[in-house]
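Everything quoted here is computed from the prediction, not taken from an experiment.
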Amino acid sequence: MKLIHLTDTHFVAPPKKLFALDPRARLAPAVADINRRHADAAMVVVTGDLTHWGEPAAYAALKQTLDGLQVPYRLILGNHDDRAAFLAAFPDSPVDEAGFVQWAEDTPAGRFVFLDTLIPGTDGGALCAERLAWLRRTLEAAAGTPVYLFLHHAPLDLGIKGMDAIRLHNPEALLAPLQAHGQVRHIFFGHVHRAIAGSWHGIPFSTLPGTNHQVLLNFHRDDVPGSHEPPAYGVVLIGADSLVMHVHNYLDASPRFEMTEATEPLGRPEELPWLDDPLEAHLKRPAHAAAE
Ligand SMILES: [Fe+2]
């Protein structure tokens with residue numbers, strides 16, 4: 001099963017920019033690239049901070065961009081989101097009995113569980129008693145089934161102090177039902193705007209750069225400096241006994257080359273269409289390219 005992980009799109013009401021970048025212009029190439037390379041994916045999951053200020057116009061713009069995907073998409077909420085404005089723009093989004101944007105769905109790989117960690121007015125996240133009760137019930141109903149978890153906030157310290165201060169505030173409350181279930185295969189989260197992987201109490205996790213702006217890698221500042229480092233999405237391949245994630249910097253246009261001979265042509269992606277473009281793979285490498 002193939003899954004695409006995207007996160008932290010931070011849309012604002014057009015034509016505004018955010019940190020000197022246009023979030024629409026940063027996400028649209030990801031949509032085009034996913035359609036071109038990964039139309040066979042089962043779904044695209046966006047793990048929160050869909051918008052920066054929760055503006056209705058920002059959600060409308062996000063919907064317009066994501067509706068261009070040829071792959072079904074799923075959206076969860078981050079600290080920058082507004083639950084009511086989100087649900088107004090995406091009325092078909094599942095919610096639990098209490099109105100939180102969290103749900104579970106069964107896939108060929110196992111049960112995907114999507115959590116709502118938004119606490120309005122705070123940058124950190126938490127799971128309240130109601131949301132935890134829902135999680136316990138959901139995991140109990142999936143006994144014996146592999147589970148993959150999606151949430152916005154990091155449930156652990158990552159070494160970036162400014163982000164550690166606004167992680168999930170009650171990680172132990174999340175951990176207990178996960179350990180009771182015993183078959184949580186992976187945790188995907190957003191929020192941190194960097195590519196990071198590791199494990200938490202033996203459970204593997206990963207997170208990714210946002211599509212708009214990034215958090216600068218630093219281990220000493222207490223605040224959160226940003227950067228325009230490149231965005232990325234994750235291509236997740238889930239097998240019966242494995243999970244692999246490739247981090248794809250979809251805006252990268254650095255030179256490509258054939259690894260076989262030192263004399264092979266060096267060129268930008270659009271100049272070497274036969275090299276790695278699945279829709280151009282029928283093209284034969286030009287004879288002169290091999291001969292030069
Ligand atoms: Fe974010």
Side-chain angles (χ1 to χ4, degrees), residues 1-11 23-50 62-78 86 90 92-94 101-115 142 145-152 184-191 193 195-197 204-212 230-253 269 273 275-282:
M1 179 179 176
K2 182 190 280 186
L3 162 77
I4 304 297
H5 183 194
L6 275 169
T7 197
D8 292 80
T9 47
H10 282 262
F11 266 46
R24 292 181 300 169
R26 298 279 277 189
L27 180 61
V31 169
D33 202 65
I34 291 164
N35 286 342
R36 195 165 184 86
R37 297 171 184 277
H38 306 295
D40 59 336
M43 69 176 79
V44 174
V45 180
V46 188
T47 48
D49 280 0
L50 308 172
L62 178 67
K63 184 172 191 307
Q64 187 176 39
T65 301
L66 290 177
D67 281 350
L69 279 168
Q70 294 167 14
V71 177
Y73 63 85
R74 307 285 190 270
L75 309 176
I76 63 173
L77 300 181
F86 166 75
F90 298 93
D92 296 333
S93 177
V101 181
Q102 51 181 22
W103 74 99
E105 59 185 86
D106 291 318
T107 76
R111 176 162 275 211
F112 283 14
V113 177
F114 302 88
L115 293 178
T145 304
V147 162
Y148 301 84
L149 196 68
F150 301 84
L151 74 164
H152 178 70
V184 180
R185 297 281 177 87
H186 199 88
I187 301 175
F188 298 89
F189 56 84
H191 192 49
H193 294 241
I196 306 171
F205 72 79
S206 58
T207 186
L208 287 166
T211 58
N212 192 63
Y233 64 75
V235 183
V236 183
L237 306 174
I238 305 178
D241 53 10
S242 64
L243 183 148
V244 174
M245 187 173 79
H246 300 266
V247 180
H248 180 50
N249 296 328
Y250 58 88
L251 291 186
D252 177 73
L275 199 65
D276 72 339
D277 187 323
L279 299 187
E280 303 290 355
H282 63 284

Would a distance-only check, ignoring hydrogens and angles, find a side-chain to backbone donor-acceptor pair under 3.5 Å from [X] to [Y]?
X: Asp40; Y: Lys2; value: no
X: Arg37; Y: Asp276; value: yes
X: Arg74; Y: Val45; value: no

Would you call [X] and [Y] a side-chain contact if the rule is heavy atoms closer than 4.5 Å?
X: Phe86; Y: Ile76; value: no
X: Thr107; Y: Ile238; value: no
X: Thr211; Y: Tyr250; value: yes
X: Arg26; Y: Thr9; value: no
X: His191; Y: Thr207; value: no
X: Val236; Y: Tyr148; value: no
X: Phe189; Y: Thr47; value: no
X: Pro230; Y: Asp252; value: no

If I compare all heavy atoms of [X] with all of [Y], which pair ends up nearest, and what's the gap?
X: Pro23; Y: His10; answer: CG-O, 3.3 Å
X: Ile196; Y: Phe205; answer: CG2-CE1, 4.1 Å
X: Ser93; Y: Val101; answer: OG-CG1, 3.6 Å
X: Pro146; Y: Ala109; answer: CB-O, 3.9 Å
X: Ala232; Y: Val247; answer: CB-CG1, 3.7 Å
X: Pro269; Y: Ala253; answer: CD-O, 3.6 Å

Worksheet item: Should we say atom CD of Gln64 is surrounded by more than 12 heavy atoms from elsewhere, each under 6.0 Å from it?
Response: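 At most 12 heavy atoms, drawn from other residues, nucleotides or ligands, come within 6.0 Å of this atom.
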Let me confirm one number: the [atom1]-[atom2] distance from [X] to [Y], rounded to the nearest 0.5 Å.
X: Leu279; Y: Arg36; atom1: CG; atom2: CZ; value: 4.5 Å
X: Phe114; Y: Leu151; atom1: CZ; atom2: CG; value: 11.5 Å
X: Phe11; Y: Asp49; atom1: CZ; atom2: CG; value: 13.0 Å
X: Phe112; Y: Phe150; atom1: CZ; atom2: CZ; value: 4.5 Å
X: Phe90; Y: Leu77; atom1: CZ; atom2: CG; value: 10.5 Å

Practice prompt. Apply the side chain to side chain contact (heavy atoms under 4.5 Å, CB included) test between His38 and each candidate in Leu3, Ile4, Leu69; give the one that qualifies.
Written response: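 Considering Leu3, Ile4, Leu69, a side chain to side chain contact (heavy atoms under 4.5 Å, CB included) with His38 is found only for Ile4.
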Item to complete: Give me the one residue out of Thr7, Leu66, Leu75, Asp8 that meets side chain to side chain contact (heavy atoms under 4.5 Å, CB included) with Leu50.
Response: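 Exactly one candidate clears the test, Leu75.
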Fill in: Evaluation steps, side chain to side chain contact (heavy atoms under 4.5 Å, CB included), between Leu237 and His246
CA-CA 8 Å; Leu237 306 174; His246 300 266; 3.9 Å; yes
Discussion item. Ring centroids only, cut at 6.0 angstrom: are His186 and His5 within range, meaning strictly under it?
Written reply: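 Not under 6.0 Å, so no.
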Item to complete: Would you check, one step at a time, whether the test side chain to side chain contact (heavy atoms under 4.5 Å, CB included) holds for Leu62 with Val46?
Response: CA-CA 11 Å; Leu62 178 67; Val46 188; over 6 Å; no
